[in-house]
Number of protein chains: 2
Amino acid sequence: MTLADVAHQAGVSSSTASLVLSGRGRELRISTAVHDRVREAAETLGYRRNTISVGLRKGLTNTIGFVSDTVASSQLAGGMIRGALDAARESGYMLFMSETGGGPVQERRAIEAMLDHRVDGLILASMFTRQHGALAVELETLPVVLLNSLPPDGGGPAAIVPDEQAAGRAAAEQLLAAGHRDIHLIGAGPTLEDAPAASEAGRLRLAGILEALTEAGVPPASGYPYRSWNPAHGWEAVHDLLERGKVPEALLCFNDRLAFGAYQALQEAGLRIPEDTSVISFDDAPLAGWLRPTLTTFAIPHRAMGTMAVEMLVGALRAEGAHPLGAQVHRVRMPLRERGSVAVRSPA
Amino acid sequence: MTLADVAHQAGVSSSTASLVLSGRGRELRISTAVHDRVREAAETLGYRRNTISVGLRKGLTNTIGFVSDTVASSQLAGGMIRGALDAARESGYMLFMSETGGGPVQERRAIEAMLDHRVDGLILASMFTRQHGALAVELETLPVVLLNSLPPDGGGPAAIVPDEQAAGRAAAEQLLAAGHRDIHLIGAGPTLEDAPAASEAGRLRLAGILEALTEAGVPPASGYPYRSWNPAHGWEAVHDLLERGKVPEALLCFNDRLAFGAYQALQEAGLRIPEDTSVISFDDAPLAGWLRPTLTTFAIPHRAMGTMAVEMLVGALRAEGAHPLGAQVHRVRMPLRERGSVAVRSPA
DNA sequence: CTGAAAGCGCTTACAG
DNA sequence: CTGAAAGCGCTTACAG
């Protein structure tokens, strides 16, 4: 079924059929009769426009490349894909997916493959918030947005990241407002220097936390920096804390997996959450809703970020055709999921 | 940079340049000199073949569509995407991703979009193993594979699913071999009728379990059927079990989330795993490795399944060009991850 | 208001 | 051994 078939069936030229079917018929004052005949022919023949030929002819493929390190397979940030996919569908774009595993060489190859397929725009997504390496020059010719990573030094494309620092502040403020003064940091701290080097999120969360605590005149009671943030680390930190003989009033965990480990250590010691110890955290992984009690945590707005990435791209494409996007960094608010792990402490 | 540019630079026609660059030069005995000149021109000009024009000309796009209900965003089966992406890269294919949310109308639309973009083959993936609904007729013209779902009644495309029944058998046998005779089923059972209607996995796991237990003359001590399998259900079941005053010897949980809930109830009651109660499960979610003790569970081989789907498609495409795949159902073995939650019971 | 022609960038018979 | 021509299925000036 080609356009020629439809045109023939409707008894018009393929130019006319093309005009009608692409919606430019009215504008060019094609008669209603012809209009209807073409529409009907297309309908009865079950015609569908061949996107490939359109792509070749127009130089635009209605296609966006989504290159990530391990977003799909790591099962932690699927929301970004969901948001991107939804927004793409809304705007009539298709998404090419690709995973690099994180290596710059693989990233380069993945991007080349995307370019070979003539994507109209490109999303470069990261599992964890980090600073992105230098980008290939070819990328200066089409709109690119960094999703969950920061532009390389010396400028770069637009970027979308969670507002980690604000969330850090908010987490500390949440505990302070609940009356806690004995606040332990699990994952980083106690000073600004004790942040995992590779983690932008860690650095910013810590900065926000320390700002709020300092302003309140309540320095952290302790800090347990770790390079990676898994339950075993959370368990270890809290186990150590308890061995020193003190029951912490409040634990500020740098992510939900650490909080899970903290739960385990607390519960093994017979302590109750939140009556004995309050816990607050970041990420809002599915886990957070499964814990007992459910975990109060600041969500990474993955889905909103994914949506935003596609919308920015589509906006740029519709604006003046495939021009590079400015180098703004968009920081998206991390919403608080208030659940059951923070207790209000009655003033002593 | 087009082929014409390369040809011009090398001083040959674009036919010749095409032949050389597509690797058919040797075969057609093009002179080494010309060969080298074309290669060099392509190199220095940074020529990359325009996949879109090739697609139009050949009618083949080197593209596979991956339509799922919620595989990427549910964050439970990311391995399927990973496997598919890896295999596609290996074979020089690109993957279009799309998520339908599960509705048949949305699925239909997603498939049409894929067809409009002239994918060479199609993967229809499900989050949970289920029977797939009827497929549109258009799909009879290109290779399709169902990933993690079974063909509709009356035949259909090839399908890849985990071998749930064998895993059910193996799980029961594992507990029996460890000397357990007091085995409680959490999630389905105690009889074959007590399976969640919508879950193919539940039905088959249960069938396998009951086969093995019946053969051993050890009927399940109890069964707790649930329609959905979340930690809260696991907790509830085990809480109920304990309220009846008995400490179960072994819990056979229908997935890791249920097992997590069982852990919570057991630990809140001061029971030790696996000393007091053994626990075994299915899925091998990331959670399984985070629990204390780590959870013994049968993994869903998501990644292998994803790889297999692409390889089958590519095989069919390379064989005799885009013919439909036979209706075999491939059942992939679910490997046991033997960890710390099952104890050997000394004979009383 | 509608049609004929050119062209997007390739590949593939077909000549020579 | 190499080149000229046609054609994949569209869209877009350009005529009329």
Side-chain angles (χ1 to χ4, degrees), chain A residues 1-39 41-42 45-63 92 115-120 141 321-322, chain B residues 1-39 41-42 45-63 92 115-120 141 321-322:
Chain A
M1 276 308 94
T2 71
L3 181 63
D5 296 321
V6 173
H8 181 253
Q9 164 98 353
V12 298
S13 74
S14 46
S15 322
T16 305
S18 171
L19 259 18
V20 171
L21 293 177
S22 63
R24 296 184 52 207
R26 277 277 93 90
E27 169 194 341
L28 295 180
R29 283 176 300 175
I30 286 182
S31 72
T32 320
V34 166
H35 229 103
D36 293 349
R37 265 188 294 147
V38 171
R39 283 254 141 80
L45 294 180
Y47 170 74
R48 310 218 98 225
R49 190 209 246 91
N50 183 334
T51 316
I52 297 299
S53 355
V54 176
L56 178 57
R57 175 61 228 233
K58 293 208 199 183
L60 248 24
T61 55
N62 275 281
T63 264
L115 259 20
D116 288 352
H117 283 266
R118 297 301 188 265
V119 294
D120 294 335
T141 62
Chain B
M1 278 307 96
T2 71
L3 183 62
D5 296 321
V6 174
H8 180 254
Q9 164 99 351
V12 298
S13 74
S14 45
S15 324
T16 304
S18 171
L19 259 19
V20 170
L21 293 177
S22 62
R24 296 183 54 208
R26 278 276 94 87
E27 168 194 343
L28 295 180
R29 283 177 299 176
I30 286 181
S31 71
T32 321
V34 167
H35 228 101
D36 294 348
R37 262 189 294 147
V38 171
R39 283 254 141 80
L45 294 179
Y47 171 73
R48 308 219 99 224
R49 188 209 246 93
N50 183 333
T51 315
I52 298 299
S53 356
V54 176
L56 178 58
R57 174 61 227 234
K58 292 209 197 181
L60 249 24
T61 54
N62 274 284
T63 265
L115 260 20
D116 289 353
H117 282 266
R118 296 302 187 266
V119 294
D120 295 335
T141 62

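The basis for the numbers below is simple: all heavy atoms, side chains too, and nothing from hydrogens, waters or symmetry mates. All values derive from a computational prediction rather than experimental measurement. Lettering follows sequence order; numbering is per chain, from 1.
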Please say whether more than 12 non-hydrogen atoms of neighbouring residues, nucleotides or ligands are located less than 6.0 Å from NE2 in A:His35. yes
Pairing annotation in dot-bracket form, given for DNA chain C with Watson-Crick or G-U pairs under 3.5 Å and | for cross-strand partners: |||.||||||||.|||
Do the side chain of A:Asp36 and the main chain of A:Ala33 share a donor and acceptor less than 3.5 angstrom apart?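 Answer holds: no.
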Side chain of A:Asp116, backbone of B:Thr51: donor and acceptor closer than 3.5 Å?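 Absent.
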If we ignore angles and hydrogens, is there a donor and acceptor under 3.5 Å between the side chains of B:Ser18 and B:Ser15? no
Find which nucleotide of DNA chain D each of B:Leu56 and B:Ser31 is nearest to by heavy atoms, and output the residue with the more 5' nucleotide.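 Result: B:Ser31.
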Closest-nucleotide 5' rank along DNA chain D - winner of A:Arg24 and B:Ser53: B:Ser53
Could you pick out which residue, A:His35 or A:Ser14, lies toward the 5' side of DNA chain C when each is mapped onto its nearest nucleotide? A:His35
Pick the nucleotide of DNA chain C nearest each of B:Ile52 and B:Ser15; which residue has the one closer to the 5' end?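 Residue closer to the 5' terminus by nearest nucleotide: B:Ile52.
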Below 4.5 Å, heavy atoms only, C-beta onward: do [X] and [Y] meet side chain to side chain?
X	Y	result
A:Thr63	A:Arg118	no
B:Leu3	B:Tyr47	yes
A:Thr61	A:His117	no
B:Thr16	B:Val34	yes

Going 5' to 3' on DNA chain D, which nucleotide is the first and which the last to come under 4.0 Å of a heavy atom in chain A? D:dG9 to D:dT12
